[in-house]
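It should be emphasised that the depicted structure is a prediction, and the values quoted were computed from it without experimental measurement. Just so you know, residue 1 is the first one in the sequence shown, and it goes up from there.
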Amino acid sequence: MFADLHGGYRTGALRPSDVVAETYRRIKERGDDGVWITLRQEADVQADLARLDPALPLYGVPFAVKDNIDVAGMPTTAACPAFAYRPGRTAPLVERLLAAGALLVGKTNLDQFATGLSGSRSPYGACESPLVPGLISGGSSSGSAVAVAAGLVPFAIGTDTAGSGRVPAALTGTVGLKPSRGLVPSLGILPACASLDCASVFAASVGDALAVLRLIAGPHPDDPWSRALPLGRPGSGPRRVGVPRAAGFHGDGPAEAAFAGVVERLEQLGHTTVPVDLAPFLAAGSLLYEGPWVAERLAGVGDFVRRHPHDLHPVTREVLSTGEGVSGVDVFRGLRRLQELRAAVAPVWAEIDALMVPTVPTTFTLAEMAEDPVGRNSVLGHYTTFANLLDLAAVAVPGGLTTSGRPHGVTFLAPAGADGLLAGLAAGFTGERLDGPAEVPYEPPAVSGTAEAEAGGRVVLAVVGAHRTGQPLHPHLAALGAVCAGLTRTAPVYRMYDLGDRPGLVREAGGGTVEVELHELAPAALGELLVTIPAPLGLGTLELADGRRVHGFLCESYAVASARDITAYASWPAYLAARHA
């Protein structure tokens, strides 16, 4: 873990230069195992180390990057040698890691064009899980996961569109953190499916993965897909965790028994398990390859595919070619169907705080994958492909070994903006204690104020509780096109009360400051929201701590006469965490 590494640096028990040398010794000892596509020279990494400030948060921590992510001066191949190019700019997420003192060792192997979940679709070799000889590593972020699992680097960056950051975690026994879509800039990541792509983090612990996320999170002005989202607080209290009402394991009895044991362990930790019908989740996931989104995969590299069909892995070419038959009508039908499924899923989050599913239903050897590469790839994505389509954050963690000796993993999921909550839940499950700051260190861009926002065709809305990111009514707000603009606080003139399923904010003498989440949305959307708000709540004008006045939810004073005053908690999520603790 990072803390052990830095502890050794502080005491002198470890020297950073020796850690770099040991990294390269281990890589050389393993030989050509399909993990690396481009490896930097050790002397160059040592030179980078000599220029670093030891006070940096990731000082002297080696890491790897999946080779569909740009690093200036290094080729980006996407596991297709004929496609390779040398970018002139480093992806912002990598820039942030380098600025934090991390040491880039090299770029790792992947399923070609990040299309696949097995780790076996690459001309640079098929990665194998370090846990079981002959077992696939999972993909597409195969090299990144194996580099961590084999102890070559403490963390690695991958991507996750359909499960590429979670499936390899399950098969290699690592932690795979898939952030909320847009929380980490995707600029400099070769698009697989641009509207759904995410960076991902592989690490040996949830704490290390979260530490990396804190450093790479935050919007980037040049990235149209990035957005300002709260990271959220980890928390450690009991949660309501949804589990599949009828989980499928494709005939893998030991995997089914292992998951039953995981559910029992979760209950022993004090969490309440809630059976959930996964049908709408799985239906959404099926749209990724059976719906029009396969055309978005082709959109990014289609010109190259048409000009160089024989330079592609045969399975990759087969998958991408299906995008040629997608029509505009198909696209709009798919979007409508996805919106229907999002509406079907939304009520579930009023009943649970997070969802836990098996990361994969079963596992395969490299030989088994070769027998049916497309069909078995679909099996691997059974519990992963819906996450980005439904705008969910996820953390995949090891769940032990099955009685057949195969790795078993589980994934915790929740709506976008609940990354911290998921990290806390996953860490508790693995027996970790999370330390450090609860929030992302990047400040979201300031909202310029109601007048300016309205002049640009948007209004600013402050939400206190049930409509916040990760809360039960947030999907309703998101469906209206609201975009999160960060957290702030009210002026010290409000009191907050517990109305049961939501807070009530009342302007009162002697009040305090209360945390609110700001959203920008169209005026017409605000009108649509207004008619859905039940009494005693309504929309009014809120005064913020910086003097701005924005639209916000207020409560009529008569309704709080017998309600509990929770102003001291200063935040509805903080109050909920205390109530559930």
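Within the model, atoms CD of Gln339 and CG of Leu335 stand 8.5 Å from one another, a figure rounded to the nearest 0.5 Å. Here the OG1 atom belonging to Thr363 is positioned 12.5 Å from the NE2 atom belonging to His250, to the nearest 0.5 angstrom. The OG1 atom of Thr490 sits 7.0 Å away from atom CG of Leu542, with the distance rounded to the nearest 0.5 Å. Here the CG atom belonging to Leu521 is positioned 7.5 Å from the CG atom belonging to Leu529, to the nearest 0.5 angstrom. Between atom CG of residue Leu213 and atom CG of residue Asp208 there is a gap of 12.5 Å, rounded to the nearest 0.5 Å. Atom SG of Cys555 is separated from atom CG of Leu505 by 8.5 Å, given to the nearest 0.5 angstrom.
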Item to complete: Assess whether side chain to side chain contact (heavy atoms under 4.5 Å, CB included) is satisfied between Leu355 and Val348, documenting all intermediate values.
Response: CA-CA 9 Å; Leu355 174 67; Val348 174; over 6 Å; no
### Task
For the pair Leu278 and Tyr383, evaluate side chain to side chain contact (heavy atoms under 4.5 Å, CB included) and give the outcome as yes or no after the intermediate values.
CA-CA 9 Å; Leu278 285 190; Tyr383 292 112; 3.8 Å; yes
message = If you apply the rule side chain to side chain donor-acceptor pair (under 3.5 Å), what do you find for Thr411 with Thr359, and how did you get there?
response = CA-CA 5 Å; Thr411 298; Thr359 303; 2.8 Å; yes
Carefully, step by step, assess Val516 and Leu544 under the rule side chain to side chain contact (heavy atoms under 4.5 Å, CB included).
-> CA-CA 9 Å; Val516 294; Leu544 302 182; 4.1 Å; yes
Between Val241 and Asp353, is a side chain to side chain contact (heavy atoms under 4.5 Å, CB included) present by the stated rule, with each step listed?
CA-CA 6 Å; Val241 181; Asp353 301 307; over 6 Å; no
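With a 4.5 Å cut-off on side-chain heavy atoms, Phe429 and Val262 count as touching. At least one side-chain heavy atom of Pro168 sits under 4.5 Å from a side-chain heavy atom of Phe202. A heavy-atom distance below 4.5 Å is not found between the side chains of Phe386 and Leu341. The side-chain heavy atoms of Ile157 and Val201, taken from C-beta on, include a pair separated by under 4.5 Å. The shortest distance between side-chain heavy atoms of Gln471 and Leu576 falls below 4.5 Å. With contacts defined as side-chain heavy-atom distances shorter than 4.5 Å, the pair Glu517/Pro573 does not qualify. Looking only at side-chain heavy atoms (C-beta outward), Phe155 and Leu58 come within less than 4.5 Å of each other. Contact of the Pro154 side chain with the Phe2 side chain is registered, since non-hydrogen atoms from C-beta on lie closer than 4.5 Å.
Arg166 and Thr384 share no donor-acceptor pair across their side chains, judged by distance under 3.5 Å alone. Thr172 and Ser137 are not linked by any side-chain donor-acceptor pair at a separation below 3.5 angstrom, with hydrogens and angles left out of the test. Donor-acceptor pairing under 3.5 Å is lacking for the side chains of Ser200 and Lys66.
Listed here is the closest heavy atom pair of Ala114 and Ala192: CB-CB, 4.1 Å. When all heavy atoms are compared, the tightest approach of Leu499 to Ala563 is CD2-CB, 4.3 Å. Considering all non-hydrogen atoms of both residues, Leu196 and Arg181 come closest at CA-CD, 3.7 Å. Shortest non-hydrogen contact noted between Leu135 and Leu171 is CD2-CD2, 4.0 Å. For the pair Asp223 and Pro185, the tightest heavy-atom approach, listed with the atom from each and the gap, is OD2-CA, 3.2 Å. Scanning both residues, Val464 and Trp572, for their nearest heavy atoms gives O-CB, 3.4 Å.
Between Asp391 and Arg227 there is a salt bridge, since a side-chain N of the basic residue sits under 4.0 Å from a carboxylate O of the acidic one.
Proximity of a side-chain donor or acceptor of Arg502 to a complementary backbone N or O of Leu537 within less than 3.5 Å is not detected. In this structure, the side chain of Asn388 does not engage the main chain of Asp197 through any donor-acceptor pair within 3.5 Å. Remark: side-chain polar atoms of Asp565 are not paired, donor with acceptor, to backbone N or O of Arg495 under 3.5 angstrom. Glu128 contributes a side-chain N or O that, together with a main-chain N or O of Gly134, makes up a donor-acceptor pair within less than 3.5 Å. A distance-only check finds a donor-acceptor pair linking the side chain of Asn377 to the backbone of Leu117 [under 3.5 Å]. Side-chain N or O atoms of Thr567 include one that pairs as donor or acceptor with a backbone N or O of Met496 at under 3.5 Å. At distances below 3.5 Å, at least one donor-acceptor pair connects side-chain atoms of Ser141 with backbone N or O atoms of Ser164. Here the side chain of Asn68 pairs no donor or acceptor atom with the backbone of Ile189 at under 3.5 angstrom. Under a 3.5 Å cut-off, the side chain of Arg239 and the backbone N or O of Leu422 do not form any donor-acceptor pair. With hydrogens and angles ignored, the 3.5 Å screen pairs no side-chain donor or acceptor of Thr402 with any backbone N or O of Ala258.
Ring geometry, His408 versus Phe259: the interplanar angle exceeds 60°, so the pair is classed perpendicular (tilted spans 30 to 60°). Taking the six-membered ring where tryptophan is involved, the planes of Phe553 and His467 are essentially parallel, since the angle between them stays under 30° and well short of 60°.
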